[in-house]
Amino acid sequence: MMIKNPVLRGFNPDPSICRAGDDYYIATSTFEWFPGVQIHHSKDLVNWHLVAHPLNAVKYLDMKGNPNSGGIWAPDLSYADGKFWLIYTDVKVVDGMWKDCKNYLTTCDTVDGVWSDPIELNGSGFDASLFHDNDGRKYLVNMYWDHRVYNHNFYGICMQEYSVEQKKLIGKPKIIYKGTDIKYTEGPHLYHIDGMYYLFVAEGGTTYQHAETVARCKTIDGEYETDPNYPLLSAWLEPKNKLQKCGHASLVETQNGEWYLAHLTGRPLDFSNQPIREREQHAYCPLGRETAIQKVEWKNGWPVVVGGRAGLTEVQAPDLPEQKWEPTCPIKDDFDGDTLNINFQSLRIPLTENIATLKARKGFLRLYGKESLTSVFTQALVARRWQAFNFDAATSVEFEPETFQQMAGMVCYYNTENWTTVHITWKENVGKVIDIICADNGVFTMPLEGNEIVIPENIKTVHFKVEVRYNKYYYLYSFDGENFTKIPVVFDSYKLSDDYIRGGGFFTGAFVGINCVDISGTNKPADFDYFMYKELE
């Protein structure tokens with residue numbers, strides 16, 4: 001068998017991989033999307049399926065008001081003492097001198113069970129992980145933030161012991177590693193292998209200079225020696241490599257003693273016919289930062305990526321029985337169940353019954369109109385990741401607006417400043433119409449101005465569709481669900497990417513979904529009969 005990368009397609013960054021017996025799990029960042037943390041499961045490192053969102057209540061994660069790309073940064077999942085341990089960071093500030101954040105610990109016997117009440121650990125920096133040493137002691141490591149304007153913000157890797165009995169960090173924190181000249185040292189993971197402590201760290205930032213570096217020491221808190229052939233992983237000097245942005249990695253050993261590395265990667269749209277803007281960001285990745293897996297060998301006491309440090313799209317799988325899974329999401333979801341499909345997420349807050357419900361009308365998802373798509377507080381939005389460069393998505397909506405302040409329909413979304421929506425709304429002297437709004441780095445346009453599509457009075461249901469075709473996408477509408485008309489407005493896929501947006505928060509990826517807005521405050525409901533997502537590649 002071959003591992004075909006990326007193994008987790010679409011926005012699934014900062015992978016933390018662990019093994020529990022014969023089962024493998026990867027936890028990835030979710031940032032402002034709720035519930036927090038995605039956990040995928042595999043038996044063979046080839047086939048993966050989404051099984052859990054552990055941070056599924058406000059007691060774990062209160063993100064109302066969090067900025068774009070705040071929230072969950074780089075969770076760490078480990079298995080020890082017969083249970084799973086999850087470390088996660090909730091980042092409240094992404095711009096300016098500070099990265100205000102808190103690191104928490106929660107545990108559970110199974111990844112899809114009810115996790116324990118979170119324990120607050122520290123706030124000195126993000127990307128925290130928990131190391132379980134062979135003697136039973138546990139240590140938290142995280143990058144240490146330096147707000148002083150005359151220093152580099154990434155001060156080093158900090159370590160502090162954690163007491164299971166006292167449920168808190170004990171002793172004094174110590175900086176154990178300062179990183180290399182690549183800088184931006186973060187994402188630490190500690191391992192104890194053959195009597196040596198190995199510290200894996202991400203470096204170079206999380207765009208095209210991204211890298212993974214390894215250091216080692218005979219004692220856990222001693223002076224760590226950097227691999228003389230660093231970095232272990234990076235595609236920075238291989239601009240034609242299909243996997244870019246390679247870094248932020250974690251290590252796992254199979255039952256048979258083979259070693260593999262799960263790492264962050266991005267697949268840019270082809271830019272060969274376009275001028276390179278700048279070397280640090282030379283293309284756009286609308287699918288966001290994804291997860292890939294590489295095979296690792298050990299040479300002279302150091303790990304080496306098999307096939308080269310840039311990363312391969314096809315990797316020899318471990319010698320394990322193949323285990324395939326049924327798709328976690330049907331192509332067409334008719335909303336006939338009692339709960340939303342696991343692939344759907346909302347922004348910042350849980351979807352309480354006064355925002356979204358499957359109970360109000362059998363076979364429909366009802367969204368009650370809330371704040372605009374620019375809000376960081378309460379949106380009525382349900383969406384899933386773009387996970388292919390070419391796909392169709394569609395929905396149908398019944399909505400009776402009474403003012404232009406009410407709208408409901410389909411959205412392609414990156415963050416509060418970058419999105420497009422096609423929707424039903426109302427216009428004076430006309431009635432119900434189909435309209436489009438585009439947010440482009442905070443600049444808002446309405447390309448159908450004066451040419452809104454009038455909805456006939458006898459039409460109760462409007463079907464919307466989006467066709468994503470690599471670097472472009474288009475909206476369509478239908479009044480019968482069979483014959484669709486393309487709206488003559490073309491959108492660029494690259495504008496829903498980390499590489500395009502402005503500001504300090506650029507860590508997620510493109511989503512497609514449905515939403516309902518009612519800024520009049522009357523909570524006007526919209527009923528959605530289905531949601532279809534079909535990949536074409």
Side-chain angles (χ1 to χ4, degrees), residues 4-13 15 24-31 33-44 46-56 111-112 267 286-291 323-347 350-351 356-359 362-367 380-397 409-414 463-468 473 481 496 508-515 527-537:
K4 294 184 179 181
N5 285 316
V7 293
L8 306 184
R9 295 176 297 116
F11 160 51
N12 276 289
Y24 296 85
Y25 299 92
I26 291 178
T28 54
S29 301
T30 44
F31 295 88
W33 290 91
F34 193 95
V37 179
Q38 292 222 119
I39 298 180
H40 286 79
H41 169 233
S42 177
K43 287 278 191 180
D44 53 19
V46 175
N47 301 285
W48 294 84
H49 63 141
L50 180 62
V51 293
H53 288 130
L55 308 182
N56 55 12
V111 293
D112 57 353
R267 291 178 294 164
L287 301 188
R289 299 171 305 150
E290 305 171 294
T291 287
Q323 175 64 66
K324 295 184 177 181
W325 312 102
E326 291 297 320
T328 57
C329 187
I331 290 177
K332 186 179 181 184
D333 188 335
D334 287 310
F335 297 132
D336 290 330
D338 297 325
T339 59
L340 279 175
N341 183 273
I342 193 172
N343 288 276
F344 286 118
Q345 288 186 276
S346 59
L347 282 167
L351 292 171
T357 179
L358 291 163
K359 300 176 182 178
K362 183 65 177 176
F364 287 80
L365 174 61
R366 176 167 292 178
L367 299 183
L381 181 147
V382 174
R384 58 154 297 147
R385 288 155 175 76
W386 287 23
Q387 292 187 282
F389 288 109
N390 298 279
F391 69 87
D392 290 342
T395 191
S396 73
V397 57
M410 172 171 271
V411 60
C412 287
Y413 184 96
Y414 180 91
H463 299 260
F464 290 120
K465 185 178 181 181
V466 61
E467 294 181 348
V468 176
Y473 67 97
L496 300 179
T508 57
F511 278 68
V512 59
I514 54 180
N515 77 302
D527 287 346
F528 295 85
D529 187 29
Y530 68 88
F531 186 86
M532 183 273 288
Y533 173 85
K534 183 179 181 181
E535 296 181 356
L536 305 178
E537 54 195 56

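Values reported hereafter were calculated over all heavy atoms of this structure, with side chains retained and with hydrogens, waters and symmetry mates removed.
Applying the ring-ring contact (aromatic ring centres under 6.0 Å, His included) rule to Tyr533 yields the partners Phe391; only residues at least two apart in sequence or on another chain are considered. Considering only residues two or more places apart in sequence or on other chains, Phe364 meets the ring-ring contact (aromatic ring centres under 6.0 Å, His included) condition with none of them. Legend: residues meeting ring-ring contact (aromatic ring centres under 6.0 Å, His included) with Phe531, ordered by chain and number and at least two apart, are Phe344.
Interatomic distance, NZ of Lys362 versus CG of Asp336, reported as 6.0 Å (0.5 Å rounding). The line from CZ of Arg366 to CG of Asp527 is 4.0 Å long, rounded to the nearest 0.5 Å. To the nearest 0.5 Å, atom CD1 of residue Ile514 and atom CE of residue Met410 are 8.0 Å apart. Separation of atoms OG (Ser42) and OH (Tyr25) is listed at 10.0 Å; rounding is to 0.5 Å. For the atom pair CZ (Phe34) and CD (Gln345), the distance works out to 9.5 Å, reported to the nearest 0.5 Å. Here the CZ-CG distance, from Phe335 to Leu358, works out to 7.5 Å after rounding to the nearest 0.5 Å.
The shortest distance between side-chain heavy atoms of His53 and Val37 does not fall below 4.5 Å. Inter-residue side-chain proximity for Thr28 and Leu8 is flagged as met; some heavy-atom pair is nearer than 4.5 Å. Using a 4.5 Å heavy-atom cutoff, the side chains of Phe528 and Leu367 are in contact. Put simply, the side chain of Cys412 reaches to within 4.5 Å of the side chain of Leu496, judged on heavy atoms. For the pair Arg385/Asn343, no side-chain contact is recorded, criterion being any heavy-atom separation below 4.5 Å from C-beta on. Between Ser396 and Asp529, the closest side-chain pair of non-hydrogen atoms falls below 4.5 Å. Proximity of Thr395 to Met532: side-chain heavy atoms (C-beta onward) are nowhere separated by under 4.5 Å. Residues Trp325 and His41 meet the side-chain proximity criterion, which asks for heavy atoms closer than 4.5 Å.
In plain terms, the two heavy atoms of Arg267 and Leu287 that are nearest each other are NH2-CD1, 3.4 Å. The two residues Ser346 and Trp33 have their closest heavy-atom pair at O-CE3, 3.2 Å. What you find for Cys329 and Arg384 is that their closest heavy atoms are SG-NH1, 3.9 Å. Smallest separation of non-hydrogen atoms from Asp333 and Asn341: OD2-CB, 3.7 Å. Of all heavy-atom pairs spanning Phe31 and Thr508, the tightest one is CB-CG2, 3.8 Å.
In this structure, Glu535 pairs ionically with Arg9, as a charged nitrogen and a carboxylate oxygen lie closer than 4.0 Å.
Distance alone, capped at 3.5 Å, places no donor-acceptor pair between the Asn56 side chain and the Gly36 backbone. With hydrogens and angles ignored, the 3.5 Å screen pairs a side-chain donor or acceptor of Glu290 with a backbone N or O of Gly10. Side chain of Asp44 to backbone of Asn47: a donor-acceptor contact under 3.5 angstrom is found. In this structure, Thr291 contributes its side chain and Asn12 its backbone to a donor-acceptor pair below 3.5 Å. Judged by distance alone, with hydrogens and angles left aside, the side-chain atoms of Gln38 form no donor-acceptor pair with the main-chain N or O of Ala52 at under 3.5 Å.
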Exercise for the section: Just do the salt bridge (Lys or Arg N to Asp or Glu O under 4.0 Å) check on Asp392 and Lys534 with the steps written out, would you? Expected result: CA-CA 5 Å; Asp392 290 342; Lys534 183 179 181 181; over 6 Å; no
Practice task
Evaluate the criterion side chain to side chain contact (heavy atoms under 4.5 Å, CB included) for residue pair Val7 and Val46; output intermediate values, then yes/no.
Solution key: CA-CA 7 Å; Val7 293; Val46 175; over 6 Å; no
Exercise for the section: Decide side chain to side chain contact (heavy atoms under 4.5 Å, CB included) for Glu467 and Lys465; before the verdict, give the C-alpha distance in whole Å, the side-chain angles of both, and the deciding distance to 0.1 Å. Expected result: CA-CA 7 Å; Glu467 294 181 348; Lys465 185 178 181 181; 3.8 Å; yes
Exercise for the section: For the pair Leu351 and Leu340, evaluate side chain to side chain contact (heavy atoms under 4.5 Å, CB included) and give the outcome as yes or no after the intermediate values. Expected result: CA-CA 10 Å; Leu351 292 171; Leu340 279 175; 3.8 Å; yes
Exercise for the section: For Ile39 and Ile26, run side chain to side chain contact (heavy atoms under 4.5 Å, CB included): C-alpha distance rounded to whole Å, both residues' side-chain angles, the deciding distance at 0.1 Å, then the answer. Expected result: CA-CA 5 Å; Ile39 298 180; Ile26 291 178; over 6 Å; no
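When the options Tyr413, Tyr414, Tyr473 are evaluated for a ring-ring contact (aromatic ring centres under 6.0 Å, His included) with Trp386, the one that passes is Tyr473.
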